[in-house]
Amino acid sequence: MPTADTVNTIAVLGAGQMGGGIAQIAATSGIDAICYDVQQASLDKAKALHEKLMARAVEKGRMERGDADSALQRIVYTTNWDDMGEADWVVEAATERADLKHEIFVKLAQTFENPSVVLATNTSSISITQIGASAESGRSGAGERVIGMHFFNPVPVMKLVEVIKGLTTTEDVTQRTIDLAVRMGKDPHAANDRAGFVSNRVLMPMINEAFYAWMEGVSEPEDIDAIMTKGMAHPMGPFRLADFIGLDTCVHIMDVLAEGLNNDRYRACPLLKNLVTAGRLGNKTGRGVFDYAK
Ligand code: 3HC
């Protein structure tokens with residue numbers, strides 16, 4: 001089996017915030033990246049952000065201009081699925097919908113016949129075992145090479161990769177994923193395949209509780225955020241962070257926790273749900289808990 005050192009090309013499915021970040025750190029670690037998305041506009045946006053962030057890294061003296069240029073040249077942007085065919089590792093970072101992941105992993109298993117190609121997913125909440133079963137239905141044995149490779153936003157800055165082993169994932173695939181995360185400059189930590197893994201099982205109820213505290217009039221968002229940043233040394237308070245993650249994503253993850261852990265204490269706070277219903281999704285819509293148009 002090839003090792004993490006021999007990975008030459010990573011295909012990243014989905015050029016959103018997470019996928020774009022993953023492609024970027026692959027490229028800065030010396031690995032070719034194929035950035036695939038169904039929408040050209042998403043690819044254009046990812047490319048512009050890559051150029052901006054690399055220019056900033058050079059300006060700040062964190063990177064030589066030549067290295068930044070080489071990294072940018074290592075990224076290919078495409079809307080053509082077949083262009084991913086040469087990759088020897090896949091990280092899926094598409095929209096967080098179980099039906100979409102099913103479709104993608106059936107197709108990935110059919111496209112990547114070589115059993116050494118790992119099919120990783122950046123899902124933040126969907127069961128890795130379930131995604132593995134989707135791959136298995138596309139090609140017998142493919143479930144063994146499906147694994148969770150959960151990055152954190154902003155990907156170039158956050159050190160953690162949560163590595164989640166599904167029921168069918170092999171030890172070899174797990175070890176190679178850990179090794180690859182290290183090669184990409186990250187600190188991997190393992191978690192088992194239970195709803196929310198570790199990160200979101202601990203983080204999301206805290207965010208949800210902050211909405212309850214606000215709803216019950218315990219305090220206002222600015223004060224709750226200040227209490228958590230100043231008292232707990234969190235870089236962002238729970239509301240700023242919720243806006244950054246996306247309030248719709250927070251509700252979605254709470255739903256997964258409530259369902260997967262079969263416990264109503266994980267139900268999303270009504271106030272959080274109301275903001276989503278009103279279209280206030282956070283930074284991405286310009287308004288969530290806070291107003292970013294100002
Ligand atoms: N991409 C790349 N780099 C970025 C960035 C981005 N989107 N945003 C900020 N940075 C870099 C900046 O360039 C800057 O680096 P420099 O000073 O060397 O140029 C550095 O990060 C610090 O940025 P700022 O000075 O602008 O701002 P802050 O000091 O406030 O840091 C932050 C910003 C890194 C986002 C910090 O607030 C933070 O760590 N916040 C918490 C983020 C967090 O918890 N993320 C996890 C979310 S949960 C998740 O992703 C899982 C999912 O399943 C829900």
Side-chain angles (χ1 to χ4, degrees), residues 14-28 45-63 68 71-72 75 91-97 101 120-128 148-164 181 184-189 191 193-208 210 225-226 228-230 232-257 260 266 268 272 276 281-284 288 290 292:
Q17 242 175 353
M18 300 305 289
I22 297 165
Q24 181 184 324
I25 60 160
T28 51
K45 208 168 152 193
K47 187 166 191 272
L49 186 61
H50 290 155
E51 286 164 356
K52 184 176 151 193
L53 291 172
M54 298 280 191
R56 189 169 161 82
V58 172
E59 200 181 291
K60 288 240 164 183
R62 286 194 306 263
M63 237 182 159
L72 286 171
I75 311 176
V91 182
E92 171 275 326
T95 307
E96 194 72 344
R97 269 186 20 226
K101 306 260 183 210
T121 171
N122 178 56
T123 183
S124 55
S125 58
I126 298 169
S127 155
I128 305 304
M149 204 173 182
H150 184 202
F151 290 83
F152 292 79
N153 192 18
V155 177
V157 180
M158 306 306 282
K159 290 298 281 182
L160 177 65
V161 173
E162 196 176 27
V163 174
I164 309 109
M184 291 167 95
K186 299 298 179 195
D187 287 341
H189 287 273
D193 188 23
R194 290 300 305 277
F197 319 133
V198 170
S199 55
N200 280 319
R201 183 165 179 172
V202 177
L203 173 67
M204 283 302 158
M206 185 203 68
I207 289 177
N208 201 44
D225 268 8
M228 297 305 286
T229 51
K230 293 175 190 170
M232 267 43 93
H234 290 188
M236 284 172 162
F239 294 114
R240 267 284 151 218
L241 184 56
D243 277 352
F244 183 62
I245 292 169
L247 301 192
D248 52 339
T249 304
C250 295
V251 169
H252 172 74
I253 295 173
M254 289 308 293
D255 289 347
V256 168
L257 292 176
Y266 296 107
L272 167 60
V276 172
L281 306 184
N283 299 30
K284 61 186 165 190
F290 299 112
Y292 299 91

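As the structure lists them, so they are numbered: ligands from 1, and atoms in each ligand from 1.
Ring-plane geometry between Phe290 and Tyr292 is classed as perpendicular, the angle between the planes exceeding 60 degrees on a 0 to 90 degree scale with a lower cut at 30.
Taking 4.0 Å as the cut-off between side-chain N and carboxylate O, Lys284 and Asp243 do not count as a salt-bridged pair.
Sorted by chain and number, the heavy-atom contacts of ligand 1 below 4.0 Å come from Leu53, Arg56, Lys60, Arg62, Ser124, His150, Phe152, Asn153, Pro154, Pro156, Val157, Met158, Asn200, Leu203, Pro235, Met236, Leu241, Ile245.
Put simply, CD1 on Ile253 and CG on Asn200 are 4.0 Å apart, with the number rounded to the nearest 0.5 Å.
The minimum heavy-atom distance linking Ala71 with Ala27 is given by the pair O-CB, 3.4 Å.
For Glu59, the side chain to side chain donor-acceptor pair (under 3.5 Å) test picks out no residue, with sequence neighbours left out.
For the pairing with Glu96, the side chain to side chain donor-acceptor pair (under 3.5 Å) check across Thr249, Thr123, Asn122 returns one residue only, Thr123.
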